[in-house]
Chemist: 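Please see the structure below; I have some questions.
Remember, it's a predicted structure, so these values are computed and weren't measured experimentally. Counting convention: from 1, in listed order, for ligands and their atoms alike.
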Amino acid sequence: MPFPYNYGVNSEKHVTSTKGVAEMDSKTIEIIKSTVPVLEQHGEKITTVFYQQMFEAHPELLNIFNHANQKQGRQQKALASTVYAAAQYIDNLEAIVPVVTQIAHKHRSLGIKPEHYPIVGEHLLGAIKTVLGQAATDEILDAWEQAYNTIADVFISVEAQMYQDAKNQHGGWDGFKSFVVDRKVVESEVITSFYLKPEDKQMLPSFEAGQYISVKLEIEEEKFTHIRQYSLSDAAGKDYYRISVKRETGNETPDGIVSNYLHEKMNEGDTIQVSAPAGDFYLDTGKDTPLVLLSGGVGLTPMMSMLNTVVDLQPERPVTFIHATGNGRVHALRDEVKRVAEKGNVNVVFFYDSPTEEDRETQAFDIEGFVTKEWLRENVPHNDTSFYFCGPVPFMKSVNASLKSLGVTDKNIHFEFFGPMGSLE
Ligand SMILES: Cc1cc2nc3c(=O)[nH]c(=O)nc-3n(C[C@H](O)[C@H](O)[C@H](O)COP(=O)(O)OP(=O)(O)OC[C@H]3O[C@@H](n4cnc5c(N)ncnc54)[C@H](O)[C@@H]3O)c2cc1C
Ligand code: HEM
């Protein structure tokens with residue numbers, strides 16, 4: 001069974017191996033492999049029961065999990081399906097290290113600790129038992145307990161290394177740390193940037209262009225804390241971390257909690273809790289082959305960090321910077337892109353799908369409409385070219401399909417989801 005999503009594993013650098021993780025006997029492995037399809041078949045029911053029971057027993061975990069993702073059922077499937085998929089590789093755990101690494105970045109950024117794993121294990125097992133009833137024999141449950149513990153050990157060891165690395169950097173730390181909003185800058189009608197500086201005035205650790213931080217908010221009228229990820233939107237090496245946040249207004253759904261709080265209530269001088277940069281979606285500056293950075297809407301943020309970085313470190317490298325958005329009113333960081341591009345070998349192309357009269361008069365954009373396969377075929381290199389993209393899921397699906405059909409290989413395709421990982425197929 002393949003992994004449930006195309007995780008878009010980006011980095012070839014993985015932090016650890018599975019050495020030291022206990023091996024299981026062949027009988028147990030056989031039981032696991034033969035029962036994976038049964039668990040998958042009841043996947044949705046098991047995960048629903050699992051989360052219900054876990055949050056009932058451990059409401060404190062609602063301080064870590066994203067409630068909107070839970071309500072939309074977006075995250076539920078990810079955790080349990082990954083356990084089943086990983087179980088298929090129980091006799092070849094090295095094979096899952098790249099996927100574990102990617103998830104572990106998010107876990108580390110959220111502050112997931114070894115002591116959380118037995119809680120998830122207990123409730124996952126409990127849910128399997130509840131849903132399968134008599135069919136879940138003691139032998140099957142024992143085998144799954146062993147499998148879960150083995151997989152959990154891989155996560156725990158990868159994450160332990162990541163906490164160490166985060167702490168050992170110059171100026172590094174391994175949990176959440178207090179930052180002050182030094183500047184708040186409106187970039188468009190929907191996007192505002194926050195320049196964050198450490199409250200203790202220590203130096204800032206470097207990071208890879210494309211990585212994100214997590215912010216943790218305690219909002220007065222909210223019962224739980226809320227953690228969200230934001231990509232760093234400027235290059236490393238500054239005395240601040242910059243994030244650029246889109247205000248998520250719901251139509252029939254509630255307004256986004258954190259983005260609206262940041263826009264409305266978070267002001268210069270206020271403090272915010274931040275975890276150290278994480279993520280394996282980042283620019284490989286070891287390569288000098290052509291680079292194409294594609295973004296839709298607020299998916300612009302990691303591309304800004306990559307653009308700023310590449311012109312500093314590799315000014316000769318050919319770059320095509322493509323940004324698609326609605327119109328000039330929602331177009332953030334336009335002037336910065338133009339200014340930075342002049343420092344390197346960069347071709348900038350702006351797509352607007354609903355330009356205003358003013359946009360036409362001021363020639364604010366290059367192309368009206370969406371980024372298409374035909375346009376990409378005619379206007380960007382695709383042989384031995386690295387593509388990085390981020391944006392709304394339909395945008396990412398369309399770009400991914402276009403690149404695949406143009407023959408771009410998986411190793412040259414890198415992407416980031418601004419939410420739970422999903423499928424681009
Ligand atoms: C790696 C990564 C990097 C990211 N980088 C950025 C970035 O640079 N800039 C940026 O702006 N964002 C970024 N994001 C997204 C960001 O983390 C948040 O998801 C985003 O700001 C929305 O958070 P929120 O608290 O405002 O909304 P939430 O409260 O989390 O709500 C999210 C959505 O769910 C809907 N919703 C809420 N409750 C319900 C319900 N009961 N039923 C149905 N729908 C509901 C809301 O209307 C809203 O549209 C990134 C995400 C990831 C994973
Ligand atoms: C072996 C066990 C585990 C597996 C296989 C697993 C898998 C996953 C996966 C696939 C994701 C989605 C990543 C993404 O969308 O980017 C995720 C996210 C997450 N995981 Fe885990 N996980 C495990 C253990 C845990 C534990 C022990 C906790 C803490 C109690 C935890 C908390 C979270 C949280 C909070 C998120 C972010 C999701 C959100 O808030 O929407 N996970 N995990």
Chemist: Side chain to side chain donor-acceptor pair (under 3.5 Å) for E248 and S259? Distances and angles first, verdict last.
Modeler: CA-CA 6 Å; E248 294 293 344; S259 61; 5.8 Å; no
Chemist: Please indicate whether K265 has more than 12 foreign heavy atoms, meaning atoms of other residues, nucleotides or ligands, lying under 6.0 Å from its NZ.
Modeler: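 Not more than 12 within 6.0 Å, no.
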Chemist: As an exercise, identify every atom of ligand 2 less than 4.0 angstrom from a heavy atom of K106.
Modeler: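 What qualifies from ligand 2 is 14 (C), 15 (O), 16 (O).
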Chemist: If you count heavy atoms of other groups shown closer than 6.0 angstrom to NZ of K167, is the number above 12?
Modeler: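 Atom NZ in K167 is not crowded, with 12 or fewer foreign heavy atoms closer than 6.0 Å.
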Chemist: Looking only at heavy atoms, is any part of M421 under 4.0 Å from ligand 2, and if so is it the side chain, the backbone, or both, or is it neither?
Modeler: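 For M421, backbone and side-chain atoms both sit under 4.0 Å from ligand 2.
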Chemist: Less than 4.5 Å apart, side chain to side chain, heavy atoms only: is that true for L283 and L291?
Modeler: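 Contact flag for L283/L291 side chains = yes.
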Chemist: I'd like to check the side-chain hydrogen bond (donor to acceptor under 3.5 Å, both in side chains) partners of Y212; sequence neighbours left out, ordered by chain and number.
Modeler: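 Applying side-chain hydrogen bond (donor to acceptor under 3.5 Å, both in side chains) to Y212 gives none.
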Chemist: Ligand 2 versus N66, non-hydrogen atoms closer than 4.0 Å: side chain, backbone, both, neither?
Modeler: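 Under 4.0 Å from ligand 2, N66 contributes backbone and side-chain atoms.
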Chemist: Which of these, F395, Y282, F389, sits in a ring pair (Phe, Tyr, Trp, His ring centres under 6.0 Å) with F415?
Modeler: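 Result for ring pair (Phe, Tyr, Trp, His ring centres under 6.0 Å) with F415: F389.
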Chemist: With respect to S244, determine whether any N or O atom, backbone or side chain, lies less than 3.5 Å from an N or O atom of ligand 1.
Modeler: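 Indeed, backbone or side chain, S244 has an N or O that close.
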Chemist: With a 4.0 Å cut-off, would you call D200 and K177 a salt bridge?
Modeler: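 K177 and D200: salt-bridged.
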Chemist: Between T253, V190, L262, L217, which one has a non-hydrogen atom sitting closest to atom 44 (N) of ligand 1?
Modeler: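 Selected option, by shortest heavy-atom distance: T253.
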Chemist: Counting heavy atoms only, which of T150, I112, I119, N69 comes nearest to atom 41 (O) of ligand 2?
Modeler: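 Answer by nearest heavy atom: N69.
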Chemist: In this structure, does ligand 2 have an atom that sits under 4.0 Å from one of the heavy atoms of L79?
Modeler: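 A heavy atom of L79 does come that close to ligand 2.
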Chemist: At a 4.0 Å threshold, what atoms of ligand 2 neighbour a non-hydrogen atom of V83?
Modeler: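 Reading through ligand 2 atom by atom, the close ones are 5 (C).
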Chemist: Please say whether Y212 places an N or O atom under 3.5 Å from an N or O atom belonging to ligand 1.
Modeler: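 Such a contact does not occur with ligand 1.
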Chemist: If we only count heavy atoms from C-beta on, is the H67 to H226 side-chain gap below 4.5 Å?
Modeler: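 In contact.
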Chemist: Going by the atom numbers of ligand 1, which of them fall below 4.0 Å from some non-hydrogen atom of T301?
Modeler: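 Ligand 1 atoms under the 4.0 Å threshold to T301: 7 (C), 8 (O).
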Chemist: What part of I227, side chain from CB on, backbone N/CA/C/O, both or neither, has a heavy atom under 4.0 Å from ligand 2?
Modeler: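 It is neither; nothing of I227 touches ligand 2.
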Chemist: Answer yes or no: does an N/O atom from E248 fall short of 3.5 Å to an N/O atom of ligand 1?
Modeler: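 In fact, backbone or side chain, E248 has no N or O that close.
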Chemist: Can you figure out which of S193, S259, G299 has its heavy atom closest to atom 26 (O) of ligand 1?
Modeler: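 Nearest heavy atom to atom 26 (O) of ligand 1 lies in S259.
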Chemist: Examine ligand 1 and decide if any of its atoms is less than 4.0 Å from a heavy atom belonging to R247.
Modeler: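 False for this residue.
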Chemist: For A68, is at least one N or O under 3.5 Å away from an N or O on ligand 1?
Modeler: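 There is no such contact.
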Chemist: Please confirm whether P254 comes under 4.0 Å of ligand 1, counting heavy atoms of the residue only.
Modeler: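 Judged by the 4.0 Å heavy-atom criterion, P254 does count as contacting ligand 1.
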Chemist: Which ligand 1 atoms, with their elements, are less than 4.0 angstrom from a heavy-atom of K106?
Modeler: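 The atoms of ligand 1 under 4.0 Å from a heavy atom of K106 are 53 (C).
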Chemist: Ion pair present between R247 and D255, side-chain N to carboxylate O less than 4.0 angstrom?
Modeler: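 Result for this pair is no, no salt bridge flagged.
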Chemist: Could an N or O of ligand 1 be found under 3.5 Å from any N or O of R228, whether backbone or side chain?
Modeler: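 Between R228 and ligand 1 (N or O atoms, distance only) the closest approach is under 3.5 Å.
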Chemist: Heavy-atom distances under 4.0 Å are what count here, so tell me which part of K246 touches ligand 1: side chain, backbone, both or neither.
Modeler: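 Near ligand 1, K246 shows its backbone as well as its side chain.
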Chemist: Taking NZ, NE, NH1 and NH2 as the nitrogens, is one of them in E218 or K216 under 4.0 Å from a carboxylate oxygen of the other?
Modeler: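 The answer is no: the pair does not qualify as a salt bridge.
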Chemist: Check this for me - ligand 1, N260, N or O atoms closer than 3.5 angstrom, yes or no?
Modeler: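 Min N/O separation from ligand 1 is not below 3.5 Å for N260.
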Chemist: If we only consider heavy atoms of F417, is any one of them less than 4.0 Å away from an atom in ligand 1?
Modeler: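 F417: in contact with ligand 1 (<4.0 Å).
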Chemist: When you compare the side chain of I112 with that of F155, does any pair of heavy atoms fall below 4.5 Å?
Modeler: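 Counting from C-beta outward, F155 and I112 never come under 4.5 Å.
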Chemist: Is it the side chain, the backbone, both or neither of F65 that has a heavy atom closer than 4.0 Å to ligand 2?
Modeler: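 The part of F65 near ligand 2 is both the backbone and the side chain.
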Chemist: With backbone taken as N, CA, C and O and side chain as the heavy atoms from C-beta onward, which portion of I257 lies under 4.0 Å from ligand 1: side chain, backbone, both, or neither?
Modeler: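 Both backbone and side chain of I257 come within 4.0 Å of ligand 1.
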Chemist: Need the ligand 1 atom indices (1-based, order shown) with element for anything under 4.0 Å from a heavy-atom of G250.
Modeler: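 Near G250, meaning under 4.0 Å from one of its heavy atoms, ligand 1 has 47 (O).
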Chemist: Do you know which two heavy atoms are closest between T301 and S244, and how far apart they sit?
Modeler: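 Closest approach of T301 to S244: CG2-O, 3.4 Å.
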Chemist: Output every pair passing salt bridge (Lys or Arg N to Asp or Glu O under 4.0 Å) with a member in residues 221-242, not counting sequence neighbours, ordered by first then second residue.
Modeler: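 Checked against salt bridge (Lys or Arg N to Asp or Glu O under 4.0 Å) - neighbours excluded - the pairs reaching residues 221-242 are K197-D239, D234-K238, R242-E336.
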Chemist: Where's the contact between V298 and ligand 1, heavy-atom distance under 4.0 Å: side chain, backbone, both or neither?
Modeler: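 Looking at V298 and ligand 1, just side chain atoms fall under 4.0 Å.
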Chemist: Side chains of D153 and T150: any donor to acceptor distance under 3.5 Å?
Modeler: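 There is no such pair (donor and acceptor under 3.5 Å, judged by atom type) between the side chains of T150 and D153.
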Chemist: Which atoms from ligand 2 have a heavy atom of P420 less than 4.0 Å away?
Modeler: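 Taking each heavy atom of P420 in turn, ligand 2 has 15 (O) under 4.0 Å.
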Chemist: Quick one: does I243 get within less than 4.0 Å of ligand 1, heavy atoms only?
Modeler: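 The answer is no: ligand 1 sits nowhere under 4.0 Å from a heavy atom of I243.
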Chemist: For H107, which part has a heavy atom under 4.0 Å from ligand 2: side chain, backbone, both, or neither?
Modeler: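 Looking at H107 and ligand 2, just side chain atoms fall under 4.0 Å.
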Chemist: Under 4.0 Å between a side-chain nitrogen and a carboxylate oxygen: does that hold for R108 and D165?
Modeler: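 No, no charged N to carboxylate O under 4.0 Å.
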Chemist: Can you list the ligand 2 atoms lying under 4.0 Å from a non-hydrogen atom of L110?
Modeler: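 Under 4.0 Å from L110, ligand 2 has these atoms: 34 (C), 35 (C), 36 (C), 37 (C).
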Chemist: Please could you name the atoms of ligand 2 that V120 approaches to less than 4.0 Å, counting only its heavy atoms?
Modeler: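 This gives 26 (C), 27 (C), 30 (C) as the contact atoms.
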Chemist: Check ligand 2 against F155 and write out every atom of the ligand that is under 4.0 Å from a heavy-atom position of the residue.
Modeler: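 Listed by number with element: 1 (C), 4 (C), 5 (C).
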Chemist: If the test is side chain to side chain contact (heavy atoms under 4.5 Å, CB included), which one of V292, V380, T385, V408 qualifies with L403?
Modeler: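 Looking at V292, V380, T385, V408, the match for L403 under the side chain to side chain contact (heavy atoms under 4.5 Å, CB included) is V408.
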Chemist: Is it the side chain (CB and beyond), the backbone, both or neither of E416 that lies under 4.0 Å from ligand 1, heavy atoms counted?
Modeler: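 Only the side chain of E416 comes within reach of ligand 1.
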Chemist: In Å, rounded to the nearest 0.5 Å, how long is the span from CD of Q53 to CG of L124?
Modeler: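 Spacing of CD (Q53) from CG (L124) equals 10.5 Å.
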Chemist: Could you tell me whether H226 approaches ligand 1 through its side chain, its backbone, both or neither, with non-hydrogen atoms closer than 4.0 Å?
Modeler: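 The answer is neither; H226 stays 4.0 Å or more away.
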Chemist: Does CD in E44 sit with more than 12 non-hydrogen atoms of other residues, nucleotides or ligands closer than 6.0 Å?
Modeler: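 No, because the 6.0 Å sphere around CD of E44 holds 12 heavy atoms or fewer from other groups.
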Chemist: Only one of V340, V337, V311, T320 clears side chain to side chain contact (heavy atoms under 4.5 Å, CB included) with V346; which?
Modeler: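 By the side chain to side chain contact (heavy atoms under 4.5 Å, CB included) criterion, V346 pairs with just one of V340, V337, V311, T320: V311.
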Chemist: Tell me which one of D359, N327, T325 satisfies side chain to side chain contact (heavy atoms under 4.5 Å, CB included) with S354.
Modeler: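 Going through D359, N327, T325 one by one, the side chain to side chain contact (heavy atoms under 4.5 Å, CB included) with S354 is satisfied by N327 alone.
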Chemist: At a 4.0 Å threshold, what atoms of ligand 1 neighbour a non-hydrogen atom of V258?
Modeler: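 Numbered from 1, ligand 1 contributes 24 (P), 25 (O), 26 (O).
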Chemist: With a heavy-atom distance limit of 4.0 Å, tell me whether S233 approaches ligand 1 through its side chain, its backbone, both, or neither.
Modeler: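 For S233, there is no contact with ligand 1 at all, from either part.
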